[in-house]
Amino acid sequence: MSEEKKIVNDSQIEIKKVYNDPLNLQENPGQFPFTRGVREDMYRGRLWTMRQYAGFSTAEESNKRYHYLLKQGTMGLSVAFDLPTQIGYDSSHEFSEGEVGKVGVAIDSLQDMEILFDGIKLEDITTSMTINSTASILLAMYIALAKKQGADLNKISGTIQNDILKEYTARGTYIYPPQQSMRLITDIFEYCSKEVPKWNTISISGYHIREAGSTAVQELAFTLANGIAYVKAAQSKGLDINVFAKRLSFFFNAHNDLFEEVAKFRAARRMWAKITKDLGATDPQAQMLRFHTQTGGSSLTAQQPQNNIVRVTLQAFSAVLGGTQSLHTNGFDEALSLPTEDAAKIALRTQQIIGYESGATNTVDPLGGSYYVEELTNQVEAKAYEYIQVIEAMGGSVMAIEQGYMQNEIAKSAYLYQQNIESNEKVIVGVNKYTSEDVNKTPVFRIDDSIRQIQIDKINKLKSQRNSEKVELLLNEIKLAAQSDRNLMPYIINAVEAYATLGEVSDTLRSVFGEYKG
């Protein structure tokens, strides 16, 4: 009799034929270490926030999509910014050519932010902004707009991603060296804890680590290792973990292995509760891991794109079964282009059907007690801690990044994954099995290059109408503050309120901090 083939998942955890009851401490949801959820009643009390990630072309066009999504029942907005905005260049800069408005909305000044949220009261929604190296500037514009609307800053809520460490390992939209970037992040922590207390000051992101090719275990380990670095940096600045940790949030990916993803989410909560407790958190609210989930962009295929509807459904279901607080579902056509309105609506309806028709929301932690899921949770946790111990021994995430450790581990996993696809060891339906010669007729959404000239004209008009002497004075104040240890946020807010552009503020900080070359 031949030996039975060993089956492993993408994190190289062996999957047994049958699972017997592992040691299962009778943990309750809403109680430390929160394995089963951060709230006692979870979705029986309130569903997760259903977000749709959107942003393209100009602020005017994105504003139309936001109003459309709000009418369709989305509960929070999630803003995608174009590449020049992400790396601190105005649309008029020579480096911006060919990229303006392509992968997100172009925001050059407070004027664009005003247009982006025209007709939308910031007090009435939560907004998530996927922005990192220029997070302080975009948050400053958002706060300035809230003030112009007469909003109570104590009621403004939302999240900036603001997670620069994963940019060095997985994504690349950094500007300044790591230490200076960490300074900006802790300045935001400090400012918001006093002035915008409901704002989530960072979304520590595993999403892009996974998109770069990591396994689920690496996604979890590297994300929590980065979280440890942010907490320690804030503590070194004298901030109270029981205050700032309440406003930390996380951002995870959801891929196709439903059970591994659920185990990952459960392990993440348990690990973070223990980590924050060890770092001095005594308030349960400061020990809770709250997270947003996005379905896996890299798992979408250009071949037979309608298959992606099924993939997105599985991924979204894993996030719900795993206890997410917020969820974005990708459009089935995103391997081809930005999502069309129809694709965005199907993606949102996927969440709504899970929420209202699947029955998954009727009980807390539905897969809790499954022999398989409980043991898989334990194994994911154990393997993630192995990575964290290596990183901490190197001196923490910043040192591990500077030595290329995380980057190399992700690259090795991505290479193995691709090898398994090419050898047909891993089946991707429509790609290496059950393929079709049918011509793809899915409509695609394109952005015209003329958008850049529209933005340039707006910038030129803005500069001719604003008080340029005041802007120069306020930019110089940012420079002086950057050369000191003063909190930069008040100075950046003052400058954007006077309509200094994103590029002007970024260049001012570049003149002091320099640029990271990698």
Using every non-hydrogen atom in the two residues, find where Ala267 and Leu220 come nearest and quote the distance to one decimal. CB-CD2, 4.1 Å

Could you tell me whether the side chain of Asn253 and the main chain of Gly206 form a donor-acceptor pair under 3.5 Å? no

Just by distance, with hydrogens left out, do Ser413 and Gln218 show a side-chain donor and acceptor under 3.5 Å apart? yes

Apply side chain to side chain donor-acceptor pair (under 3.5 Å) to residues Gln304 and Ser436 and explain how you reach the verdict. CA-CA 8 Å; Gln304 301 177 26; Ser436 171; 4.8 Å; no

Hey, what do you get for CD (Gln455) to CD1 (Ile459), rounding to the nearest 0.5 Å? 6.5 Å

So, does Glu422 use its side chain to make a donor-acceptor pair with the main chain of Asn420 at under 3.5 Å? no

Would you please classify the geometry between the Tyr66 ring and the Phe117 ring as parallel, tilted or perpendicular, with 30° and 60° separating the classes? parallel

Would Thr126 and Arg51 satisfy side chain to side chain contact (heavy atoms under 4.5 Å, CB included), going step by step from the backbone distance to the final call? CA-CA 9 Å; Thr126 65; Arg51 296 189 186 279; 2.8 Å; yes

Counting distance only, does the side-chain N/O of Ser62 pair as donor-acceptor with the main-chain N or O of Ala59 below 3.5 Å? no

Atom OH of Tyr516 and atom OG of Ser133: how far apart are they, to the nearest 0.5 Å? 14.0 Å

Taking atom types as modelled and ignoring hydrogens, do the side chains of Gln303 and Thr301 form a donor-acceptor contact shorter than 3.5 angstrom? no

For the pair Val38 and Leu289, evaluate side chain to side chain contact (heavy atoms under 4.5 Å, CB included) and give the outcome as yes or no after the intermediate values. CA-CA 7 Å; Val38 293; Leu289 182 144; 5.7 Å; no

Would you check if there is a donor-acceptor pair between the side chains of Asp108 and Thr501 at a distance under 3.5 Å? no

Give, for atom CZ of Phe332 and atom CD of Gln306, the distance between the pair rounded to the nearest 0.5 Å. 5.5 Å

How about Tyr174 and Ser181: does a side-chain donor come under 3.5 Å of a side-chain acceptor? no

Search all heavy atoms of Arg65 against all heavy atoms of Ala344 and return the closest pair with its distance. NH1-CB, 4.2 Å

Enter the distance from Trp272:CH2 to Leu248:CG here, rounded to the nearest 0.5 Å. 6.0 Å

Which of Asn308, Thr340, Thr442 passes side chain to side chain donor-acceptor pair (under 3.5 Å) with Asp333? It is Thr340

Does either side chain, that of Thr201 or that of Arg247, offer a donor lying less than 3.5 Å from an acceptor on the other one? no

From Ile164 atom CD1 to Thr134 atom OG1, the distance as rounded to the nearest 0.5 Å: 8.5 Å

Could you go through Asn132 and Thr173, starting from their C-alpha distance and side-chain angles, then the distance that decides it, and tell me whether this counts as side chain to side chain donor-acceptor pair (under 3.5 Å)? CA-CA 7 Å; Asn132 296 283; Thr173 66; 4.5 Å; no

In this structure, which one of Ile188, Asn200, Leu139 forms a side-chain contact (heavy atoms from CB on, under 4.5 Å) with Asn162? Ile188

Separation between CD (Glu409) and OG1 (Thr169), nearest 0.5 Å, reads 12.0 Å

Leu300 and Gly331 have their tightest heavy-atom pair at CD1-O, 3.7 Å

Salt bridge present between Lys383 and Glu260 (N-O < 4.0 angstrom): no

Thr215 and Asp10 have their tightest heavy-atom pair at CG2-O, 3.1 Å

Non-neighbouring partners of Glu99 that pass side-chain hydrogen bond (donor to acceptor under 3.5 Å, both in side chains), sequence neighbours left out: none

Short side-chain donor-acceptor distance under 3.5 Å, Arg46 and Gln325: no

Answer yes or no: are there more than 12 heavy-atom neighbours, outside Arg349 itself, under 6.0 Å from its atom CZ? yes

So with a 6.0 Å cut-off around CD of Gln149, is the heavy-atom count from everything else above 12? yes

Are Thr377 and Arg266 close enough that a side-chain donor and a side-chain acceptor fall under 3.5 Å? yes

Tell me whether the rings of Phe250 and Phe252 are parallel (<30°), tilted (30 to 60°) or perpendicular (>60°). parallel

Counting only heavy atoms from other residues, nucleotides and ligands, does the tally under 6.0 Å from CD of Glu425 exceed 12? no

Could you tell me how the ring of Phe291 sits relative to the ring of Phe265: parallel (under 30°), tilted (30 to 60°) or perpendicular (over 60°)? parallel

Would you kindly say whether Tyr499 and Gln111 are connected by a side-chain donor-acceptor distance under 3.5 Å? no

Take atom CD in Glu515; do more than 12 heavy atoms of anything else shown fall under 6.0 Å from it? yes

Quickly, which of Leu116, Thr85, Ile131 forms a side-chain contact (heavy atoms from CB on, under 4.5 Å) with Val79? Name it, please. Leu116

Option from Gln294, Glu219, His255 for which side-chain contact (heavy atoms from CB on, under 4.5 Å) with Glu211 holds: His255

Is the number of heavy atoms from other residues, nucleotides or ligands within 6.0 Å of NZ (Lys463) greater than 12? yes

